[in-house]
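Here is the structure we will look at, set down as structure tokens.
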Amino acid sequence: DGCGHTVLGPESGTLASINYPQTSPNSTVCEWEIRVKPGQRVQLKFGDFDIDDSDSCHSSYLRVHNGIGPTRTEIGKYCGFGFQMDGLIKSRSNEVTVQFMSGIHTSGRGFLASYSTTDKSDLITCLENASHFSEPEFNKYCPAGCVIPFADISGTIPHGYRDSSSLCMAGVHAGVVSNTLGGQINIVISKGIPYYEGSLANNVTSKVGPLSTSLFTFKTSGCYGTLGMESGVIPDSQITASSILEWSDQARQVNIWKPENARLKRPGPPWAAFISDEQQWLQIDLNKEKRITGIITTGSTLPEHYYYVSAYRILYSDDAQKWMVYREPGTDKDKIFQGNTEYYQEVRNNFIPPIIARFFRINPLKWHQKIAMKVELLGCQFSIGRAPKFSLPPPPPNSNDDKNDDFNDDFIHSVKTSLETDKTTFTPEIKNTTVTPSVTKDVALVAVLVPVLVMIFTTLILILVCAWHWRNRKKKTAGTYDLPYWDRAGWWKGMKQFLPTKSADHEETPVRYSSSEISRLRPREVPAMLQTQSAEYAQPLVGGMVGTLHQRSTFKPEEGKEASYADLDPYNSPVQEVYHAYAEPLPITAPEYATPIIMDMSGHASAPLGISPISTFKAAGNQAALPAGPYNRPLCGTESPSSARALYDTPKGQPGPGATAELLYQVPQGLPHPTGGNEQP
């Protein structure tokens, strides 16, 4: 009569004295027999130990033995108030006996201990919390049976649990470990939050908690996503039920609570069974095998209809014909899941180990007023294959141990148990529907494709913008740096007057024309270039701007170098057979003459005849001087002596040469002057 909280699992467990953590009663006794797999050894760790030692462990004590039965041997006998037992107590075999004796005493809480196989070196007890560890992240092994009524937790997933919460009990609430199996947990410590929510999950109630300095969360495999009830990935045709509640309200409006209404967080009525008995079920076809790790349920969510399911069991199948009832390993009984305690609160239950199946059924066992519920399944895709087959360990050498056979039988029943549905229910007809796409794969594919497409489109847009900008800049550059249509040589000659005077020994900067000017000048007819030696030309008498290209220039281009503005204008191109802007070439057979410069001599005395006027032009070679005359002109290669009456040029706005003789024209030096229209020989 001295046994308290006890859970003995196949690999770990928890045991405590009666009435713990209160004072244990007088004159009580309890004995636990612990057995693990053959070949393993047992280790025992105490979370709390407080036994009266007033009589030196004579009437109140805790004794640990190797083995079970009469052949057992004692490992140790312990007592004391607040006794701190460092380390672990290890057995020499796979069996251990723990004996607790309580004599006459006035105080003492008793004890709480946990055990596991010796390969779990990081074993902790159910009383450990996050404040006992200083590491920001650590791994520990939780024993089975840590859902204890005297421990509290605050918080929930994914926000985290208060640091004062029991690590292992919070692990059960989060669905990381099973209360009947225990398991490994990975803890991460972080900064606390002002408020911790409470919830009901896996038969563990988490309470609302206040501010704390730190909190802890669990690292998991991540297979806890929703499988499509709420989102609609599972179509209505794949949700069926044993019966449907249909009724008319006071307004004679027909209400049908169909199976497709059983979608969590969807507004409106839930699914409800027409008859409330243990033969009703709600079935979900996942379209292919999935790894199902949990389920969330609510009641009707309608205040005027206070309906909910408080307990249920789970069945699953691959073909909707042969059904398996979910059981935890190591047990031969169907697992009964705790449901809702009210019509609107969400309650979560996890499957450890997970279910791998296509068809999933919920079979209500207890309810309030009517069977009505909304559900959502948790899990992920399953593409590895079918569930692994469990292999039994080899039999021990001694065949006379019948206890090993019992253990093996229990293990077989915990893994393989099938249940045909009751004859009062029927299997619904499964319609052929389009295969639901994989939500996880689609999300992953979208997460990869969207950034790639965005990068590609961004790159294309940048290339187009750069090309457009380069093209506009090229056009703008050509328009900005090209010389205008007017005479560029004349412009340069005019601008020279503003530049410093150059030495006589230096030549003028040669001229180079741009390709755009060449294209404009090309249509003009260009005579053949002179083959003879070029005549030397004098500097102009008059400064200022030179006219357009249609006016003839008296200046000779520089020799020896190709005419260019290369040192001034870097945007020019080589000259290609250009009509030069300085002067028009003379015919081959005639001497070289320059265009006469007109001077107004009306205000000056006329020069005497026979004296040649002063000329600024130098003729090529040594030629005889022409006699002075009022109207002299040079011979052209195509003219005859009889055409000497043709006048040289007439100033603009003045009468012709026959009207007056006061206007004189300068003629090239060294050439004879015609008189009276007759040429000198």
Side-chain angles (χ1 to χ4, degrees), residues 1-18 20 28-47 49 51 57 61-79 85 87-102 110-126 141-146 178-184 328-333 390-415:
D1 57 354
C3 300
H5 173 77
T6 302
V7 175
L8 304 181
E11 292 186 350
S12 63
T14 301
L15 55 151
S17 58
I18 189 172
Y20 179 87
T28 59
V29 63
C30 184
E31 190 173 284
W32 295 266
E33 295 180 351
I34 301 171
R35 181 183 296 110
V36 297
K37 295 179 181 179
Q40 297 281 354
R41 293 191 302 156
V42 180
Q43 60 184 5
L44 191 67
K45 183 174 184 178
F46 289 95
F49 194 96
I51 299 176
C57 298
Y61 57 85
L62 181 74
R63 182 176 291 173
V64 181
H65 301 271
N66 268 317
I68 298 175
T71 60
R72 65 188 183 185
T73 59
E74 183 176 315
I75 297 176
K77 187 178 182 181
Y78 311 95
C79 67
M85 185 177 296
L88 303 172
I89 300 175
K90 297 184 179 180
S91 69
R92 295 190 299 269
S93 66
N94 67 319
E95 296 178 340
V96 170
T97 301
V98 178
Q99 187 181 38
F100 170 68
M101 184 70 69
S102 172
F111 76 97
L112 183 142
S114 297
Y115 75 90
S116 71
T117 55
T118 53
D119 57 339
K120 310 295 191 302
S121 59
D122 50 358
L123 172 69
I124 60 176
T125 68
C126 301
Y141 183 83
C142 287
C146 279
S178 169
N179 185 53
T180 58
L181 297 175
Q184 201 78 24
E328 290 181 320
T331 63
D332 57 354
K333 296 180 179 180
F390 293 94
S391 58
L392 298 177
N398 50 346
S399 59
N400 55 358
D401 192 356
D402 296 335
K403 296 181 180 179
N404 291 328
D405 296 337
D406 296 337
F407 174 81
N408 292 338
D409 293 339
D410 293 342
F411 186 76
I412 294 173
H413 286 297
S414 67
V415 176

- Step by step, work out the side chain to side chain donor-acceptor pair (under 3.5 Å) result for T118 and Q40. CA-CA 7 Å; T118 53; Q40 297 281 354; 4.6 Å; no
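A donor-acceptor distance shorter than 3.5 angstrom exists from the side chain of T6 to the backbone of G4, with no hydrogens or angles considered. With hydrogens and angles disregarded, no donor-acceptor distance shorter than 3.5 Å links the side chain of R35 to the backbone of E95.
Contact detail for C146 and N179: the closest heavy-atom pair is N-OD1, 3.1 Å. Across all their heavy atoms, L181 and S12 have their closest contact at O-OG, 3.4 Å. Closest of all the heavy-atom pairs between T14 and S114 is OG1-OG, 3.7 Å. The two residues K37 and N94 come nearest to each other via the heavy atoms O-CB, 3.5 Å. Scanning both residues, V29 and M101, for their nearest heavy atoms gives CG2-CE, 3.7 Å. For the pair I51 and L62, the tightest heavy-atom approach, listed with the atom from each and the gap, is CD1-CB, 4.1 Å.
Checked against side chain to side chain contact (heavy atoms under 4.5 Å, CB included), C142 has the following partners two or more places apart in sequence or in another chain: I124, C168, I185. Taking T97 as the reference, E31, E33, H65, I68, R72 meet the side chain to side chain contact (heavy atoms under 4.5 Å, CB included) condition, with sequence neighbours excluded. Not counting sequence neighbours, K45 has no partner by the salt bridge (charged side-chain N to carboxylate O under 4.0 Å, His left out) test. Residues meeting the ring pair (Phe, Tyr, Trp, His ring centres under 6.0 Å) test with F100, sequence neighbours left out: F111. Checked against ring pair (Phe, Tyr, Trp, His ring centres under 6.0 Å), Y78 has no partners two or more places apart in sequence or in another chain. When the side chain to side chain contact (heavy atoms under 4.5 Å, CB included) test is applied to K77, the partners found at least two apart in sequence or on another chain are C57, Y61, R63, E74.
For the atom pair NZ of K90 and CD1 of I75, the computed distance is 12.0 Å after rounding to the nearest 0.5 Å. Annotation: the span from Y141 atom OH to T117 atom OG1 amounts to 6.5 Å, rounded to 0.5 Å. Taking OH from Y115 and OG1 from T125, the interatomic distance works out to 15.0 Å, rounded to the nearest 0.5 Å. With rounding to the nearest 0.5 angstrom, the NE2 atom of H5 is 12.0 Å from the OG atom of S17. From E11, atom CD reaches atom OG of S116 across 9.0 Å, with rounding to the nearest 0.5 Å.
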